[in-house]
Trainee: 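Attaching a single structure in structure tokens format; questions to follow.
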There are 2 protein chains.
Amino acid sequence: MNTQSIRLTVDAAVFGYEEGHISALLIRRKYEPFKGQWALPGGFVLNDESLEDAVERELHEETGIKINYLEQLYSYGNLNRDPRGRVVSIAYFGLVRPDTFKLIASTDAQEVAWFGIHALPSLAFDHKEILTMAIDRLKAKITYQPIGFELLDKKFPFSDLEKLYSTVLGRDIDRRNFRKKFLGLKVLDELDEKISKGSGRPANLFQFNQKRYFQLIKEGIVFEI
Amino acid sequence: MNTQSIRLTVDAAVFGYEEGHISALLIRRKYEPFKGQWALPGGFVLNDESLEDAVERELHEETGIKINYLEQLYSYGNLNRDPRGRVVSIAYFGLVRPDTFKLIASTDAQEVAWFGIHALPSLAFDHKEILTMAIDRLKAKITYQPIGFELLDKKFPFSDLEKLYSTVLGRDIDRRNFRKKFLGLKVLDELDEKISKGSGRPANLFQFNQKRYFQLIKEGIVFEI
DNA sequence: TTCATTATGTGTATTATTTACACAAAAATA
DNA sequence: TATTTTTGTGTAAATAATACACATAATGAA
């Protein structure tokens, strides 16, 4: 019965946000197959590590990043998705603040870089499909879970939050209504700090209050933008 | 590099609906480990079959069922989830009309049965966790995708639909508002047929119009109950 | 046959939510 | 000090969600 010879990998679709652009973290493969092509960070799962550990390890090895938001995305098992044979991949979805890490290509990666999601290179394996699914997940999830804060500084002006949402959702947002709605969720603390970038009126800084968010969830209140 | 010895299984959390009750399809294991215990149908993926094929094959082998709604649920990779060693399982979520199949236990199953989701036996492996996640998926998904029709007869009185929703969601539903809302979605065809079960006014039969549903989705109209 | 019972089918008024929309305030810059 | 830029704020109108009751068409019992 035990002639199974399927190998298992993990791949990570990691997104970052900066100045009105969502980027995906990609590596250029050092080895065959698809040597020299861009791909998602990832690799074979070791026998004695959990799937999450595997993703985090591969991400750190290949890109230098340590991620703090990671969730499972989907598993890909098409028969011919990998020229080396039968390889099933469990893909993860991650978020990170790009400015908090210096990218360092190593092990299987000969290069690492952020690519705007509207300017992606062609990708190895079925990674295009994975990335597309991850982008859909980001768009959908940001409306019903407070994952956007993983992409912003800890303290941020309200306009950053608004710009993030309009970037991810790909449409304009009514500034007044958005603010009203978000503040109505009661998960933001307004700080006694102001920030002034260039011209214009200085903005108040806000901070996501996770404790309060969990409390509201427990009370059955739903987060929805 | 290739000392990987992880094996891959698929498991299926399949639900059926009858007379105000949601049931899950379980098998009693014929072999070790967990011999004699109830578990989700499933088993090892063969080298030359896709993940979906594997689930459908295992389901048919062990229970006699051929499923028509199946989607991936989640992948489970905890180090100690299987006493045989490192086994990662990709779980699927399925829906079926219980009355359209006769259950036939075979291969790894010594018995097959439907269990009401509020009267589940203890389960092998981490199948309790998988089933819990699947129930959550069912509850969530029925509100934003028309999967409920997979559980009803092709032609059904409106009261069946209403009862299904109140069963799955676990709360009362206002009959008039529910009907108004659902008919407003324009995905039901009202037939020129009536059905009379026992006493009471005979009900008109309805039918889900999938073509129309896809058309509305394409137009960007959202299904939401 | 008629009276009681059971389930279906329907509309409106009230409340809550969403949307559309414009100008003053605080700073930088010319 | 006048202009430009960005932040901060309220209200009215439209839409959606909720609460709620009685007539209709059948069965079954008296």
Side-chain angles (χ1 to χ4, degrees), chain A residues 18-20 142-144 148 152-153 155-167 169-208 216 219-225, chain B residues 18-20 142-144 148 152-153 155-167 169-208 216 219-225:
Chain A
E18 267 174 329
E19 297 154 28
I142 205 172
T143 68
Y144 65 86
L152 298 178
D153 293 335
K155 301 173 180 185
F156 53 86
F158 208 90
S159 55
D160 276 12
L161 189 63
E162 184 208 321
K163 199 170 196 176
L164 170 65
Y165 271 78
S166 75
T167 300
L169 300 177
R171 57 178 163 82
D172 280 359
I173 283 179
D174 183 288
R175 202 152 51 90
R176 275 178 290 189
N177 293 338
F178 180 76
R179 189 182 180 111
K180 201 192 314 176
K181 199 165 182 182
F182 224 117
L183 293 181
L185 296 173
K186 302 287 184 194
V187 297
L188 294 184
D189 292 337
E190 185 161 8
L191 306 176
D192 272 340
E193 278 180 77
K194 288 193 189 304
I195 193 177
S196 181
K197 9 183 189 181
S199 74
R201 179 175 173 170
N204 236 308
L205 289 177
F206 288 81
Q207 192 169 349
F208 175 55
L216 291 172
E219 295 168 19
I221 288 152
V222 295
F223 178 94
E224 198 171 351
I225 289 294
Chain B
E18 265 175 329
E19 298 154 28
I142 205 173
T143 68
Y144 64 87
L152 298 177
D153 293 335
K155 301 173 179 185
F156 54 86
F158 208 90
S159 54
D160 277 11
L161 190 63
E162 185 208 320
K163 199 171 197 176
L164 169 66
Y165 271 77
S166 74
T167 300
L169 300 178
R171 57 177 164 81
D172 282 359
I173 282 179
D174 182 288
R175 200 153 53 90
R176 275 179 289 188
N177 293 338
F178 181 76
R179 190 182 178 110
K180 201 192 312 177
K181 199 165 181 180
F182 224 118
L183 293 181
L185 295 173
K186 303 286 185 195
V187 296
L188 294 184
D189 291 339
E190 186 162 7
L191 306 177
D192 272 340
E193 277 180 78
K194 288 193 191 303
I195 192 175
S196 181
K197 9 182 190 184
S199 74
R201 177 174 175 172
N204 237 309
L205 289 177
F206 289 81
Q207 193 169 350
F208 175 55
L216 291 173
E219 294 169 19
I221 287 151
V222 294
F223 178 94
E224 198 172 352
I225 288 295

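Quantities reported herein were computed from a predicted structural model and do not represent experimental measurements. Throughout, protein chains are lettered first and strands after them, A, B, ... in sequence-line order, and every chain is numbered starting at 1. Below, all heavy atoms of this structure are taken into account, side chains as well, without hydrogens, waters or symmetry copies.
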Trainee: Is there a side-chain contact between P202(A) and I195(A) in this structure, where contact means two heavy atoms from C-beta onward sitting under 4.5 Å apart?
Mentor: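 Heavy-atom side-chain distance check fails, nothing below 4.5 Å.
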
Trainee: Rounded off to whole Å, could you give me the CG-to-C1' distance for the L183(B) and dG9(C) pair?
Mentor: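 To the nearest whole Å, that distance equals 11 Å.
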
Trainee: Taking salt bridge (Lys or Arg N to Asp or Glu O under 4.0 Å) as the definition, give me every residue that meets it alongside K155(B), ordered by chain and number, with sequence neighbours left out.
Mentor: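 Testing K155(B) for salt bridge (Lys or Arg N to Asp or Glu O under 4.0 Å), a comparison that skips the adjacent residues, returns E193(B).
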
Trainee: How many whole angstroms separate atom NZ of K181(B) from atom P of dA19(D)?
Mentor: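 In whole Å, dA19(D) P and K181(B) NZ are 12 Å from each other.
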
Trainee: Rounding to an integer number of Å, can you tell me how far F182(B) CZ sits from dG9(C) P?
Mentor: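 Going from CZ in F182(B) over to P in dG9(C) covers 15 Å.
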
Trainee: Could you measure the distance from the CZ atom of F223(B) to the CD1 atom of I142(B)? Nearest 0.5 Å is fine.
Mentor: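 With rounding to 0.5 Å, CZ (F223(B)) is 8.0 Å from CD1 (I142(B)).
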
Trainee: Near DNA chain C, which residues from residues 192-206 of chain B have a heavy atom under 4.0 Å away?
Mentor: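 Output list: S199(B), G200(B), R201(B), P202(B), A203(B), N204(B).
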
Trainee: Quick one: does I173(A)'s side chain get under 4.5 Å of K181(A)'s, heavy atoms only?
Mentor: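 Not touching, per the 4.5 Å side-chain cut-off.
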
Trainee: Taking atom CD1 of I221(B) and atom CG of L216(B), what is their separation to the nearest 0.5 Å?
Mentor: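 Taking CD1 in I221(B) and CG in L216(B), the distance rounds to 4.5 Å.
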
Trainee: Are L188(B) and F156(B) side-chain neighbours, meaning at least one heavy-atom pair lies under 4.5 Å?
Mentor: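 Answer yes - side chains close enough.
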
Trainee: Report the distance from atom CZ of R171(A) to atom P of dA20(C), rounded to the nearest whole Å.
Mentor: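 Rounding to the nearest Å, CZ of R171(A) and P of dA20(C) are 11 Å apart.
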
Trainee: Going by number, which of residues 173-180 of chain A have a non-hydrogen atom under 4.0 Å from DNA chain C?
Mentor: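 Contacts with DNA chain C under 4.0 Å: D174(A), R176(A), N177(A), K180(A).
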
Trainee: Taking the six-membered ring for Trp, are Y165(A) and F182(A) parallel (under 30°), tilted (30 to 60°) or perpendicular (over 60°)?
Mentor: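 It falls in the perpendicular class, over 60°.
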
Trainee: Calculate the interatomic distance between E190(A) atom CD and dT9(D) atom C1'; express it in whole Å.
Mentor: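 Between C1' of dT9(D) and CD of E190(A): 12 Å.
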
Trainee: Starting from C1' on dC20(D), measure out to CG on D172(B) and report it in whole angstrom.
Mentor: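 Roughly 15 Å, once rounded to whole Å.
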
Trainee: Can you measure from CG (D172(A)) to CZ (F178(A)) and round to the nearest 0.5 angstrom?
Mentor: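 The CZ atom of F178(A) is 12.5 Å from CG of D172(A), to the nearest 0.5 Å.
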
